[in-house]
Amino acid sequence: MSVIQNKKVQFKDLGIMDYAEAFSYQENLMQGIIDLKIKNRDREERARIQTPNYLLFVEHPHIYTLGKSGDEQNMLANEEKLKEINASYVKTNRGGDITYHGYGQIVGYPILDLDNFKSDIHLYMRNLEEVIIKTIAEYGLKGERSNGETGVWLDVGKPYARKICAMGVKASRWVTMHGFALNVNTDLKYFEYIVPCGIKDKAVASLHRELGGILSSEEVAGVKNHIKRHFEEVFDAEII
């Protein structure tokens with residue numbers, strides 16, 4: 001099926017939103033794209049409608065999410081501890097193992113039709129990593145990939161290697177949901193109650209800890225702008 005690629009990406013910052021609500025929001029956008037793709041198959045080429053793309057930013061209240069390939073034993077906190085730390089725990093349909101979302105974290109959910117870009121999930125993941133690598137380079141940090149361990153890391157290959165951005169996605173008919181979680185002002189103690197991403201011998205990092213101070217709201221807005229700019233660059237997209 002021949003179609004003109006739509007490189008425009010509609011951006012929305014959802015602010016603080018419950019995980020379940022954001023999940024439903026994503027699913028609705030994803031299903032809308034899938035439905036349009038299915039209808040396009042029955043239309044003549046000149047009548048086909050371009051599929052939209054979205055990039056959502058959101059901040060979640062404390063929650064642990066376990067991916068479909070994750071091991072429940074990587075959740076170390078019982079129900080009593082979860083109540084004590086005011087956190088919840090859910091299983092979700094993204095790839096990857098367990099991770100934490102919470103205040104001070106920039107969570108990015110690209111809902112993209114990869115037929116508008118390149119229909120290659122491996123490349124898509126590497127491109128997401130590249131966006132974050134370029135973003136944290138703005139702050140003098142050298143982000144790296146760790147072989148076989150998705151996400152963005154600092155000091156790979158050293159005893160104090162640590163992950164600053166976790167990633168996990170789901171794709172259906174080349175339409176994506178879920179995405180990345182960049183630790184900015186994140187309270188890293190919440191990672192002590194899980195085996196992050198199922199990796200036992202490595203730590204987690206945040207911009208706050210690496211830069212030696214809490215980022216102001218203006219500085220957090222700056223981080224978001226860097227992510228958007230590098231997203232446009234890496235994906236050859238236009239955020240609107």
Side-chain angles (χ1 to χ4, degrees), residues 5-7 9 11 19 22-23 26-27 29-30 33-34 37 51 53-58 60 65-71 74 91-101 105-138 141-157 161-184 195-199 202 204-205 223-224 226-237 239:
Q5 291 180 316
N6 176 24
K7 300 284 193 176
V9 179
F11 172 75
Y19 183 85
F23 181 89
Q26 287 186 79
E27 276 203 318
L29 293 179
M30 181 190 205
I33 298 172
I34 291 172
K37 292 184 78 167
T51 51
N53 309 287
Y54 306 92
L55 174 61
L56 311 176
F57 282 173
V58 67
H60 295 308
T65 68
L66 182 72
K68 58 187 179 181
S69 58
D71 184 345
N74 290 324
K91 295 178 182 178
T92 191
N93 64 351
R94 60 165 171 77
D97 207 288
I98 197 165
T99 195
Y100 160 76
H101 295 311
Q105 193 180 63
I106 297 174
V107 177
Y109 292 138
I111 319 294
L112 306 181
D113 179 2
L114 291 184
D115 283 333
N116 284 326
F117 301 91
K118 289 186 179 177
S119 48
D120 181 330
I121 290 294
H122 178 78
L123 176 62
Y124 172 62
M125 297 301 295
R126 303 296 78 77
N127 282 343
L128 282 185
E129 289 167 346
E130 190 65 18
V131 170
I132 301 302
I133 287 170
K134 288 178 175 291
T135 295
I136 66 175
E138 303 279 356
L141 299 177
K142 184 184 179 184
E144 300 176 279
R145 296 176 178 87
S146 182
N147 190 31
E149 298 171 332
T150 302
V152 177
W153 298 77
L154 304 174
D155 291 310
V156 171
R162 55 213 181 276
K163 179 182 277 192
I164 195 166
C165 184
M167 296 184 178
V169 304
K170 170 185 167 63
S172 178
R173 295 181 185 265
W174 296 117
V175 182
T176 68
M177 66 178 287
H178 300 293
F180 62 85
L182 175 62
N183 296 325
V184 181
V195 179
C197 304
I199 301 167
K202 293 176 182 170
V204 288
V223 177
K224 291 179 177 180
H226 287 312
I227 294 173
K228 290 164 64 179
R229 181 165 53 85
H230 291 303
F231 191 96
E232 287 184 313
E233 176 188 344
V234 171
F235 283 91
D236 187 27
I239 292 179

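Quick note: residue numbers are just sequence positions, from 1.
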Legend entry - Pairing of D115 and K37 as salt bridge, 4.0 angstrom limit: yes
Inset, instruction - Find the distance between CG (L123) and CG (L128) and round it off to the nearest 0.5 Å. - result: 10.0 Å
Inset, instruction - Report yes if the side chains of D113 and R173 come closer than 4.5 Å at any heavy-atom pair, otherwise no. - result: no
Inset, instruction - Could you pull out the closest heavy-atom pair between T51 and N6, with the gap in Å? - result: O-ND2, 3.0 Å
Legend entry - Spatial distance of atom OG1 (T176) from atom CZ (F117) [nearest 0.5 Å]: 9.0 Å
Inset, instruction - May I ask you to check whether over 12 heavy atoms, not counting those of R126, lie within 6.0 Å of atom CZ? - result: yes
Legend entry - Nearest heavy-atom neighbours spanning L154 and I136: CD2-CD1, 4.0 Å
Legend entry - Exercise: do Q5 and N116 side chains pair donor with acceptor under 3.5 Å: no
Legend entry - Residue pair V131 / F231: nearest heavy atoms and the distance that separates them: CG2-CA, 3.8 Å
Legend entry - Side chain Q26, main chain H178, donor-acceptor under 3.5 Å: yes
Legend entry - Flag, side chain of E130 to backbone of F235, donor-acceptor distance under 3.5 Å: no
Legend entry - For the student: nearest non-hydrogen atoms of S69 and G96, plus distance: OG-O, 3.3 Å
Inset, instruction - Indicate the ring-plane relationship of Y19 and H60, choosing parallel, tilted or perpendicular according to the 30° and 60° boundaries. - result: perpendicular
Legend entry - N127 side-chain N/O to V234 backbone N/O, donor-acceptor pair under 3.5 Å: no
Legend entry - Ion pair E232/K7, N-O distance below 4.0 Å: no
Inset, instruction - With the side chain counted from C-beta on, respond yes when R162 and V204 share a heavy-atom pair under 4.5 Å apart, and no when they do not. - result: no
Legend entry - Where A237 and V9 come nearest, the two heavy atoms and their spacing: CB-CG2, 3.9 Å
Legend entry - Minimum heavy-atom distance N93-K68, with the two atoms named: O-CD, 3.7 Å
Legend entry - Main-chain N/O of D97 paired with R94 side-chain donor or acceptor, under 3.5 Å: yes
Legend entry - side-chain contact (heavy atoms from CB on, under 4.5 Å) between I121 and L114, intermediate numbers included: CA-CA 8 Å; I121 290 294; L114 291 184; 3.7 Å; yes
Inset, instruction - With sequence neighbours excluded, tell me which residues meet ring-ring contact (aromatic ring centres under 6.0 Å, His included) with H230. - result: none
Legend entry - Close aromatic pair by centroid cut-off 6.0 Å: F11 and F57: yes
Inset, instruction - Output yes when K163 and E144 qualify as a salt bridge under the 4.0 Å nitrogen-oxygen rule, no when they do not. - result: no
Inset, instruction - Please examine the side chains of V107 and F180, heavy atoms only from C-beta on, and report whether any two atoms are closer than 4.5 Å. - result: no
